[in-house]
Amino acid sequence: MSLIHYSPNNILITGGAGFIGANFIRHLLAQVPNGKIVNLDLLTYAGSLKNVENVAAEENYTFIQGDICDSAAVSAILRRYQIDTIVHFAAESHVDRSISGPGPFIHTNAVGTFTLLEAARHYWLTEKRWDATQCRFHHISTDEVYGTLQLSDPPFTEETRYAPNSPYSASKASSDHLVRAYFHTYALPVTMSHCSNNYGPYQHAEKLIPTIIRACYRGQPIPVYGDGTNIRDWLYVEDHCSGILAILQRGKVGETYNIGGNNEMNNLAVVEHVCCAMDSAYPRPQSYSFCCRSSRA
């Protein structure tokens, strides 16, 4: 299909009380001021109403606590609010949790995505008979579906073959394939994006950068997994949100887009950067510097 400039109107954000979803809602309110936003979130450990409390009173914002796996509830929301756009963030996303308990990851990430796709297909294509100029399903995925890069490997591209290595990444790969299948089988207007490691406001406390900051405040050693040489590309969440909106408005239906920060560094380098920033913001005597206080897990 050719590129179509798409204008979202009634937008369902799934997982909008989570880290990236909450930032995207704020971005939408600023960039698409006439859009009406419905935030559907189950409020598990990853979501909090505190993340969106500064937009709760906005006239064109509605919060609904609910489960994306509840097909009746999802279908009712689409009809009640005449949803023409779904931006799907809701997911179980913590790798370590997926290793200790993979079941919820399969249920939320695969079954939940299937439920949303089915609801959108029936409402948009069967009931409303809309086409790609009138509706859009954007699916947020992760670069972890591509597996692990060696130091000599080139960066991931949109053509990189999938090689998930954890229950989390496997469940996200499954949801990606479902989204692709609904485009090719039913012509559901979809786009998809894979992002690298996000950081920024409202990030969950157990993630690396919040953990570093918390340890600095408490004067504790900073836990670093393994030898600290794992390399990730770091993407500021507001840049990610800009990329998602650009894809939503100008992306080609059926296409996948990678969003990265072009900012690769290992975990020890991240620790050093954050510690130096903390030293600059909160100067201490050298013997109490935040820097050089890390410990390896």
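Just so it is clear, the model here is predicted, and its values are computed rather than measured. Hydrogens, waters and symmetry mates play no part in the numbers below; they use all other heavy atoms, side chains included.
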Q.
Can you tell me if Q82 has over 12 outside heavy atoms packed within less than 6.0 Å of its CD?
A. no

**Q.** Heavy-atom side-chain contact between D70 and T115 under 4.5 Å
**A.** no

Q | No-hydrogen, no-angle side-chain donor-acceptor test under 3.5 Å, T148 and N165 | A | yes

Q | Any side-chain heavy-atom pair of Q203 and P201 under 4.5 Å | A | no

Q: Go through Y45 and E92 one step at a time and tell me if the side chain to side chain donor-acceptor pair (under 3.5 Å) criterion holds.
A: CA-CA 10 Å; Y45 66 89; E92 296 280 350; 2.8 Å; yes

Q | R232 and D143 ion-paired at < 4.0 Å | A | yes

Q. Just how far is it from atom NE2 of H138 to atom CG of L245, taken to the nearest 0.5 Å?
A. 10.0 Å

Q.
Nearest 0.5 Å, please: how far is CD1 in I209 from CD1 in I213?
A. 7.0 Å

Q. Under a 4.5 Å cut-off applied to non-hydrogen side-chain atoms, are L12 and L78 in contact?
A. yes

Q. Where do A132 and V253 come nearest, in terms of heavy atoms and distance?
A. CB-CG2, 4.0 Å

Q.
Ignoring hydrogens, what is the shortest heavy-atom contact between Q249 and P8? Give both atom names and the distance.
A. CG-CD, 4.4 Å

Q.
On a heavy-atom basis, which atom in C275 and which in C216 lie closest, and how many Å separate them?
A. SG-SG, 4.0 Å

Q) Is there a side chain to side chain donor-acceptor pair (under 3.5 Å) between H194 and T142 once you walk through the steps? A) CA-CA 4 Å; H194 298 91; T142 171; over 6 Å; no

Q | Flag side-chain contact, heavy atom, 4.5 Å: Y123 against K128 | A | yes

Q: Would you name the heavy atoms of A17 and L43 that are closest together and state the gap between them?
A: CB-CD2, 3.7 Å

**Q.** Considering all heavy atoms, the nearest V145-A173 contact
**A.** CG1-N, 3.6 Å

**Q.** Stepwise side chain to side chain donor-acceptor pair (under 3.5 Å) test for S48 and Y202
**A.** CA-CA 9 Å; S48 171; Y202 304 96; over 6 Å; no

Q) If you group Ile, Leu, Val, Met, Phe, Trp and Tyr by side-chain heavy-atom gaps below 4.5 Å, do V87 and I20 land in one group? A) yes

Q) Does the ring center of Y182 lie less than 6.0 Å from the ring center of F137? A) no

(Q) Let me check something: do L149 and M265 share a hydrophobic cluster, defined by ILVMFWY side-chain heavy atoms less than 4.5 Å apart, either directly or through other members? (A) no

Q.
Check for me, please, whether I37 and F19 land in the same ILVMFWY cluster - side-chain distances under 4.5 Å, paths through other members count.
A. yes

Q.
If you take the centroid of each ring, where Trp contributes its six-membered ring, are Y146 and F156 closer together than 6.0 Å?
A. yes

Q | Test applied, side-chain contact (heavy atoms from CB on, under 4.5 Å); reference residue, K36; option that passes from N9, T62, N60 | A | N60

Q. Does the E255 side chain pair with the main chain of K252, one donor and one acceptor, at a distance under 3.5 Å?
A. no

Q) For the atom pair CD1 (I244) and OH (Y257), what is the distance rounded to the nearest 0.5 Å? A) 14.0 Å

**Q.** Evaluation steps, side chain to side chain contact (heavy atoms under 4.5 Å, CB included), between Y162 and H177
**A.** CA-CA 10 Å; Y162 279 33; H177 292 317; 3.7 Å; yes

Q) So with a 6.0 Å cut-off around CZ of R79, is the heavy-atom count from everything else above 12? A) yes

Q) Should we count CG of N262 as having more than 12 external heavy atoms under 6.0 Å? A) no

Q) Heavy atoms, side chains only, cut-off 4.5 Å: are N267 and T229 in contact? A) no

Q | More than 12 heavy atoms from other groups under 6.0 Å of CZ on R26 | A | yes

Q) Is a side-chain donor or acceptor of T108 paired with a backbone partner of A91 at a separation under 3.5 angstrom? A) no

Q. Do side-chain atoms of S75 reach the backbone of S71 as a donor and acceptor pair under 3.5 angstrom?
A. yes

Q.
One pair to check against side chain to side chain contact (heavy atoms under 4.5 Å, CB included): I212 and V270. What are the steps and the verdict?
A. CA-CA 9 Å; I212 299 169; V270 173; 4.1 Å; yes

Q.
Between N198 and Y236 (side chain of the first, backbone of the second, donor and acceptor by atom type, cut-off under 3.5 Å), is there such a pair?
A. no

Q.
Grouping I, L, V, M, F, W and Y whenever their side-chain heavy atoms are under 4.5 Å apart, do F89 and F63 come out in a common cluster?
A. yes

Q) CD1/I83 to CZ/R136 distance, rounded to the nearest 0.5 angstrom? A) 15.5 Å

Q. So, D233 side chain and N263 main chain: donor-acceptor pair closer than 3.5 Å or not?
A. yes

Q | Separation of L116 CG from L178 CG (nearest 0.5 Å) | A | 11.0 Å

Q: Compute whether any side-chain donor of one residue and acceptor of the other, for N109 and S175, lie under 3.5 angstrom apart.
A: no

Q: Run the numbers on E118 and R121 for salt bridge (charged side-chain N to carboxylate O under 4.0 Å, His left out), then give the verdict.
A: CA-CA 5 Å; E118 273 288 273; R121 177 170 77 90; 2.9 Å; yes

Q.
Could you go through S174 and S171, starting from their C-alpha distance and side-chain angles, then the distance that decides it, and tell me whether this counts as side chain to side chain donor-acceptor pair (under 3.5 Å)?
A. CA-CA 5 Å; S174 175; S171 67; over 6 Å; no

Q. Under the 3.5 angstrom rule, does the side chain of S196 hit a backbone N or O of G260 as a donor-acceptor pair?
A. no

Q. Taking side chain as C-beta onward, heavy atoms only, is D41 less than 4.5 Å from Q65?
A. no

**Q.** Cluster check V74, W130: I/L/V/M/F/W/Y, side chain < 4.5 angstrom
**A.** yes

Q. Rounded to the nearest 0.5 Å, how far does CD1 of I13 lie from CD1 of I64?
A. 12.5 Å

Q) Are any of the side-chain heavy atoms of H139 and K172 separated by less than 4.5 Å? A) yes

**Q.** Working for side chain to side chain contact (heavy atoms under 4.5 Å, CB included), residues I25 and V55
**A.** CA-CA 8 Å; I25 286 172; V55 303; 4.2 Å; yes

Q: Check whether any side-chain N or O of T211 sits under 3.5 Å from a backbone N or O of K207 as a donor-acceptor pair, and report yes or no.
A: yes

Q: Spell out, as yes or no, whether a donor-acceptor pair under 3.5 Å connects the side chain of N266 to the backbone of I231.
A: no

Q | Heavy-atom closest pair, residues S193 and I247 | A | CB-CD1, 3.8 Å

Q: Decide if the gap between the ring center of F24 and the ring center of H240 is smaller than 6.0 angstrom.
A: no

Q) Heavy-atom distance under 4.5 Å between the side chains of M278 and Y217, does that happen here? A) yes

Q: Could you walk me through whether Y168 and I99 pass the side chain to side chain contact (heavy atoms under 4.5 Å, CB included) test, one step at a time?
A: CA-CA 8 Å; Y168 160 61; I99 294 170; over 6 Å; no

